[in-house]
Number of protein chains: 2
Amino acid sequence: MSVRHGLLALLAEQPRYGYELRGEFEARTGSPLNVGQVYTTLSRLERDGCVTASGASETGQRYYQITAVGRAEVTQWFTTPVRREDRPRDELAIKLALAVGSEDVDMRAIIQAQRTDSLRALQDYTRLKVRAGAQGTDDLTWLLVLDAMVFQTEAEVRWLDHCETRLVQARRPAPLHQPAGEGAEVTR
Amino acid sequence: MSVRHGLLALLAEQPRYGYELRGEFEARTGSPLNVGQVYTTLSRLERDGCVTASGASETGQRYYQITAVGRAEVTQWFTTPVRREDRPRDELAIKLALAVGSEDVDMRAIIQAQRTDSLRALQDYTRLKVRAGAQGTDDLTWLLVLDAMVFQTEAEVRWLDHCETRLVQARRPAPLHQPAGEGAEVTR
DNA sequence: GGGTACTGCCTACCCGGTAGGCATGACCTA
DNA sequence: TAGGTCATGCCTACCGGGTAGGCAGTACCC
């Protein structure tokens, strides 16, 4: 529901029209948004009584105003944390999990290819950060969004490394009774 | 497309029926999967020539076999890295990005609530890891999946802390020419 | 005998996301 | 000046992901 709530949050600041919402959303979150989705979402919001639409202005725009119901939903959204449990599937984790159990799959190659791509993304993000910082735009929001992606990607790379070493350990069968030192890792 | 490809990967190992696929998928990936989605996905796979269905057996199960086309799609999936760019929206990042720009929003409270929830999730994960390790199941895949969630959540907490300090810095307007030490952060 | 629970299937419905079509106006260029 | 392109602005159609729920058979237990 990020789109629904995101649009509502923007409408909570001031009335806007669809195309304008798309632009604002992308500029603030850095997340590309298809215009079509804006209009369908707006009609759902109108259906649910969260916004009211004014007829098209003489220049053709349809402005949307938020209602009390909509305002309540926004504050609800802002004050409720995003629970880890109801996040979309992690495609990478699923892929590796299924690959581990399959024969005819070269785990090392998969991990290697993934790490290469993740490191490339990491480079892109740092380049963007440098540019954003240098241009003096000083767009705090944009910098924070970039940081989020950097942090996530770093975690991904670390996890990939972790997987690789774990898989190597598993290849040579476990010692009869695992020597001490394993416990520390488990309770990290 | 994680579901589609995940089911295909399971079918590449051996023929299975819908309900069984749900069970295997959840057991291996730890990701809950609605049965209805399995059946709709299977029919799409059949439509696309990736699998063929046999009529219901005497006990009522419909077994699905993978085809050459399906096999090609699986290996394609396994060998192509998951690109950072085409991942689902990051609801948390979007929320915070929009909150920064809004008045009447208590950023500190939002971040605080989110961190509390993330730390709770982190605790749950470590508990699960301990249990998985202690029971001697030694289910490597499940441990790796748990590690993925741990790494991601740790990154999230770090990012939240990062956001908080950045926002505090931004409140008191930046010094005329930022003192050294900032550059190191940007190019980290 | 009836409640509960599991296996096994299928349909309906909604949201997210993409593609694409349509119209207007600005601006550039042959 | 006519035609190309691009941006603004709207809308619809279509597909995959995801959830809810219904239906039937079996098993098990009180």
Side-chain angles (χ1 to χ4, degrees), chain A residues 1-8 10 15-27 29-51 53-64 73 77 82-83 85-91 93-95, chain B residues 1-8 10 15-27 29 31-48 50-51 53-64 73 77 82-83 85-91 93-95:
Chain A
M1 312 286 280
S2 340
V3 176
R4 176 188 177 101
H5 293 127
L7 296 186
L8 263 186
L10 289 174
R16 303 187 206 253
Y17 54 94
Y19 201 84
E20 183 186 6
L21 282 166
R22 197 265 290 263
E24 271 298 303
F25 187 93
E26 291 189 338
T29 69
S31 182
L33 176 57
N34 189 295
V35 201
Q37 202 175 340
V38 175
Y39 295 111
T40 55
T41 305
L42 281 173
S43 64
R44 274 178 228 132
L45 285 171
E46 192 177 10
R47 177 200 60 187
D48 301 341
C50 295
V51 302
S54 62
S57 73
E58 68 276 0
T59 47
Q61 299 109 326
R62 292 197 66 190
Y63 276 84
Y64 288 83
E73 192 167 322
W77 184 53
V82 181
R83 308 202 72 234
E85 287 72 14
D86 45 43
R87 254 166 246 228
R89 289 184 206 292
D90 180 348
E91 178 159 8
I94 288 174
K95 187 156 95 170
Chain B
M1 311 287 280
S2 340
V3 176
R4 175 189 178 98
H5 292 128
L7 296 186
L8 263 187
L10 290 174
R16 303 186 206 252
Y17 54 92
Y19 201 82
E20 186 187 3
L21 283 166
R22 197 264 290 263
E24 271 297 305
F25 187 93
E26 289 188 338
T29 68
S31 182
L33 175 58
N34 191 293
V35 201
Q37 201 176 341
V38 175
Y39 294 111
T40 54
T41 305
L42 280 173
S43 64
R44 273 178 230 133
L45 284 171
E46 193 178 7
R47 178 200 60 188
D48 301 342
C50 294
V51 302
S54 62
S57 72
E58 69 276 2
T59 48
Q61 300 109 326
R62 293 197 66 191
Y63 276 83
Y64 287 84
E73 192 166 322
W77 184 52
V82 181
R83 309 200 72 233
E85 288 72 15
D86 45 43
R87 255 169 244 227
R89 287 181 208 293
D90 181 349
E91 178 159 9
I94 289 174
K95 186 156 95 170

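So you know, we letter chains A, B, ... as the sequences are listed, proteins then strands, and number each from 1.
Listed by chain and residue number, A:Arg89, A:Ile94, B:Phe25, B:Thr29 satisfy the side-chain contact (heavy atoms from CB on, under 4.5 Å) test with B:Ser31 (two or more places apart in sequence, or in another chain). Remark: A:Glu73 pairs with A:Arg4, A:His5, A:Leu8, A:Cys50 by the side-chain contact (heavy atoms from CB on, under 4.5 Å) rule, at least two apart or across chains. Judged as a ring-ring contact (aromatic ring centres under 6.0 Å, His included), and not counting sequence neighbours, A:Tyr39 has no contacts. Judged as a ring-ring contact (aromatic ring centres under 6.0 Å, His included), and not counting sequence neighbours, the contacts of A:Tyr63 are A:Tyr17. In terms of the side-chain contact (heavy atoms from CB on, under 4.5 Å) criterion, A:Ala27 has no residue partners (sequence neighbours excluded).
Per the geometry, CD belonging to B:Glu24 stands 13 Å off P belonging to C:dT7, to the nearest Å. Rounded to whole Å, the distance from CG on A:Leu42 to P on C:dG17 is 15 Å. Nucleotide C:dA23 holds its C1' atom 14 Å from the CD atom of A:Gln61, rounded to whole Å. When rounded to the nearest whole Å, the span between CG of A:Leu45 and C1' of C:dG16 equals 14 Å. When the P atom of C:dG8 is taken as reference, atom CZ of B:Arg16 falls 13 Å away, rounded to whole Å. Between A:Tyr19 atom OH and C:dA23 atom C1' the separation is 13 Å, expressed in whole Å. The distance from atom CZ of A:Arg22 to atom C1' of D:dT8 is 10 Å, rounded to the nearest whole Å. One atom, CZ of A:Arg87, and another, C1' of C:dC15, lie 19 Å apart when rounded to the nearest Å.
Side chain of B:Glu91 to main chain of A:Met1: no donor-acceptor pair is present (N/O by atom type, distance under 3.5 Å, no hydrogens or angles).
A sub-4.0 Å separation between OP1 or OP2 of C:dG8 and a side-chain N or O of B:Tyr17 is present.
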Report, as a single string ordered 5' to 3', how protein heavy atoms within less than 4.0 Å touch nucleotides 11-18 of chain D: B base, S sugar-phosphate only, - not at all.
-> BB---SBB

